[in-house]
Amino acid sequence: MTVRVRFAPSPTGDPHIGNIRTVIFNWLFARKMGGQFILRIEDTDRTRFKPGSIETIMEGLRWLGLDWDEGPGLEELQRAGVKDAEKYAVGGPYGPYFQSERLHLYREVAEELIERGWAYRCNCSPERLERVRAMQRARGQRTMYDRRCRSLPPDAISPDEPHVIRLKVPLTGRTVFHDMLRGELSFENASIDDQILLKSDGFPTYHLAVVVDDHYMQITHVIRGDDWIASTPKRILIYQAMGWEPPTYCHVPLVNGPDGKKLSKRHGAISITEFRDQGYLPDALFNFLALLGWAPGQGDEQEIFTREELIDRFDLSRVNRAPAIFSYDKLDWMNGVYIRNLSQDDLLERLIPVWQRAGLVPDPCPEETRAMLRRIVPLVQERIKRLNDVVALTDFFFVDIEPPSAEEMIPKGLDAEQSAEVLARVRAVLADLPDFDEERIEQALRALVAELGLKNRQVFGLIRWATTGKKVSPPLFGTLSILGRERTLARLEAAEKVLRAG
RNA sequence: GCCCCCAUCGUCUAGCCAGGUCUAGGACACGGGCCUUUCAAGCCCGCGACACGGGUUCAAAUCCCGUUGGGGGCACCA
């Protein structure tokens with residue numbers, strides 16, 4: 001039997017990076033095993049639905065290269081009001097892939113469970129349920145439905161009146177299941193709640209829907225966060241009641257923030273969209289996430305893997321059982337490695353939109369601007385960890401700068417007057433250059449430093465301040481050349497004035 | 001509160017399943033140095049862990065039990 005796994009997000013917002021890590025494990029496993037990776041939309045909670053999130057989820061998956069073999073088709077997506085539906089339409093033989101389009105299946109199974117004596121109707125009001133829970137909490141007990149409707153005669157609640165359908169969990173015994181990473185997991189039935197399967201609005205809860213869909217879609221492996229462990233017995237019970245074969249379970253740990261708590265907004269970026277917008281490369285993020293909680297082992301000390309290598313070496317059973325902490329530092333390092341490995345042309349194409357978003361470069365980018373940008377790329381390539389870093393590093397190329405203060409500019413060992421003199425000499429030398437290319441600039445300035453009997457750092461630091469307005473910049477000579485003779489001389493002159501005024 | 005899961009450097013991990021080759025290896029971060037016009041990048045060096053306590057064994061990071069610590073779950077959410 002071919003391996004079939006799925007990612008089943010609910011459209012409630014941007015995909016969380018911790019979930020994406022789990023998706024990567026699913027995808028890697030499917031690719032490794034030559035199986036199918038299926039996308040299913042679990043839109044059964046109409047109150048939490050966020051418009052646009054389906055697009056965001058699919059766009060995020062595409063961006064990361066997580067292609068799905070089966071998923072919503074064109075018409076389904078259009079019915080759901082998804083923009084650019086044709087872009088994401090995949091389809092498949094087990095549709096529909098929106099749970100909201102499969103409601104009749106859940107209802108049928110729920111009724112079947114009643115007939116089999118494994119479920120019952122319940123018309124307790126939400127208010128009563130809340131009262132019961134409050135009482136239980138006050139007594140320090142586990143909060144559970146008190147099963148008031150469980151022993152009602154079969155026809156006590158009409159199918160036509162508002163009600164829910166609950167699972168009739170055995171009062172004794174244990175429910176056990178096998179997990180790929182943790183072995184045999186066992187739960188006391190007495191501690192399992194009579195879970196609602198079908199809500200009063202006719203929509204299923206997760207527990208019913210996921211079982212029905214995984215069964216009919218012939219999912220073979222359920223790889224998901226370990227926050228689902230405790231509720232798995234409820235679903236096992238449904239499989240048993242229906243006489244269905246449960247899939248193989250693999251509960252992978254969650255991803256926490258640097259403080260060990262659940263990864264959240266205050267730790268930094270958490271949604272895939274944010275990582276993309278901050279200038280992380282999809283391949284780098286993929287590489288990093290794949291290695292978060294998993295390693296190839298066998299003494300392998302490699303850190304940078306191509307997608308193919310990852311697929312080749314991936315072994316689901318080697319996933320770490322302990323939760324991992326998301327290290328922004330290591331991601332930054334890895335992203336830097338990927339940026340440095342890019343070709344200059346590739347990096348240029350990725351950087352242009354960044355400059356444009358920052359308002360430094362017009363959109364579309366004029367050819368002459370592009371020519372200048374192409375020259376900037378090699379200067380910044382090994383200095384940025386995220387694409388967005390380029391903005392702070394290169395803004396002085398695009399906008400006028402305020403001349404720095406005299407205090408900032410004056411190098412160690414010189415005073416304001418001497419500094420101004422140095423700048424005057426620099427200006428004269430640069431003005432006389434036959435060509436304003438990097439090599440000539442470097443040659444001329446080094447000669448000048450020698451002539452003045454000063455240190456490189458004194459003179460070059462001064463020029464850097466004067467021409468870039470920063471203490472830190474890309475390499476000086478290339479920077480001046482790109483800046484151009486006219487602007488370089490003007491900025492030097494402006495700085496000189498500041499020094500003389502002091 | 002009850003139930004469940006987990007436990008090697010600050011972090012991600014290798015080693016654990018098939019105990020000795022582990023004075024525990026690598027990577028990120030951190031500290032120092034080299035290179036150097038700044039910052040990076042690169043190279044070199046350093047700091048740094050088997051949570052604790054009992055067993056089992058000739059021998060335990062590796063097997064067992066307990067403690068502690070961390071995480072998760074207990075909805076007409078997924």
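Below, chain A is the first sequence line, B the second, and so on; all start at residue 1. The structure displayed is predicted, hence computed values, not measured ones. Any value given below was found using the heavy atoms of this structure, including those in side chains, with hydrogens, waters and symmetry copies removed.
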Residue pair D45(A) / Y206(A), side-chain donor-acceptor N/O under 3.5 Å: no
Contact under 4.0 Å: R142(A) side-chain N or O vs C4(B) OP1/OP2: no
U62(B) to G53(B) separation - P atoms, rounded to the nearest Å: 13 Å
R457(A) vs U38(B): side-chain N/O to OP1/OP2 distance below 4.0 Å: yes
N or O in side chain of R182(A) less than 4.0 angstrom from C4(B) OP1/OP2: no
Spacing of the C1' atoms in C50(B) and G32(B) (rounded, Å): 28 Å
Interatomic distance where CZ belongs to R139(A) and C1' belongs to C74(B) [whole Å]: 17 Å
N/O (side chain, T12(A)) to phosphate O (OP1/OP2, C77(B)) under 4.0 Å: no
Touch class at under 4.0 angstrom, heavy-atom based, for L476(A) against every strand present: base
Short side-chain N/O contact to C3(B) OP1/OP2 from K234(A), under 4.0 Å: no
Any R446(A) side-chain nitrogen or oxygen under 4.0 Å from OP1 or OP2 of U37(B): yes
N or O in side chain of N320(A) less than 4.0 angstrom from U13(B) OP1/OP2: yes
Distance between P atoms of U21(B) and C6(B) (Å, rounded): 27 Å
OP1 or OP2 of A41(B) under 4.0 Å from side-chain N/O of K385(A): yes
Rounded distance in Å between the P positions of A29(B) and G73(B): 32 Å
Sugar-phosphate only, base, or nothing, as touched by K470(A) at under 4.0 Å among non-hydrogen atoms: nothing
Touch class at under 4.0 angstrom, heavy-atom based, for R318(A) against every strand present: sugar-phosphate
Least distance between heavy atoms, I219(A) atom then P247(A) atom: O-CB, 3.7 Å
Sugar-phosphate, base or nothing in reach of E303(A), heavy atoms under 4.0 Å: base
Distance, C1' atom - from A18(B) to G10(B), rounded to whole angstrom: 33 Å
Nucleotide C30(B), atom C1' - distance to NZ of K330(A) in whole Å: 15 Å
Under-3.5 Å donor-acceptor pair between R321(A) side chain and C6(B) base: no
Pair of N/O donor and acceptor under 3.5 Å linking C2(B) base with S191(A) side chain: no
N/O donor-acceptor pair under 3.5 Å between D315(A) side chain and P296(A) backbone: no
Pairs touching residues 445-469 of chain A that satisfy salt bridge (Lys or Arg N to Asp or Glu O under 4.0 Å), sequence neighbours left out: R425(A)-E451(A), E442(A)-R446(A)
Whole-Å distance separating the CZ atom of R128(A) from the C1' atom of A75(B): 15 Å
K261(A) side chain near G71(B) phosphate (N/O to OP1/OP2, under 4.0 Å): yes
Side-chain (W465(A)) to main-chain (E408(A)) donor-acceptor, under 3.5 angstrom: yes
Nearest-angstrom distance, P atom, A60(B) to U23(B): 12 Å
Interatomic distance where CG belongs to D193(A) and P belongs to C74(B) [whole Å]: 10 Å
Donor-acceptor contact below 3.5 Å, side chain D193(A) vs main chain Y145(A): yes
Between P of U38(B) and NZ of K455(A), the distance in whole Å: 13 Å
Atom C1', compared across G15(B) and G25(B): separation rounded to whole Å: 8 Å
Check: I38(A) main-chain N/O paired with R6(A) side-chain donor or acceptor under 3.5 Å: no
Nearest-Å distance for atom pair CG/P, residues D179(A) and C5(B): 10 Å
Side-chain N,O (S10(A)) to OP1/OP2 (C77(B)) below 4.0 Å: no
Atom pairs under 3.5 Å: protein N/O with N/O of nucleotides 18-24 of chain B:
none

N/O donor-acceptor pair under 3.5 Å between D226(A) side chain and I229(A) backbone: no
Pairwise C1' distance for A40(B) and C34(B), with rounding to whole Å: 16 Å
Close aromatic pair by centroid cut-off 6.0 Å: F397(A) and W355(A): no
C77(B) phosphate, OP1 or OP2, under 4.0 Å from K199(A) side-chain N/O: yes
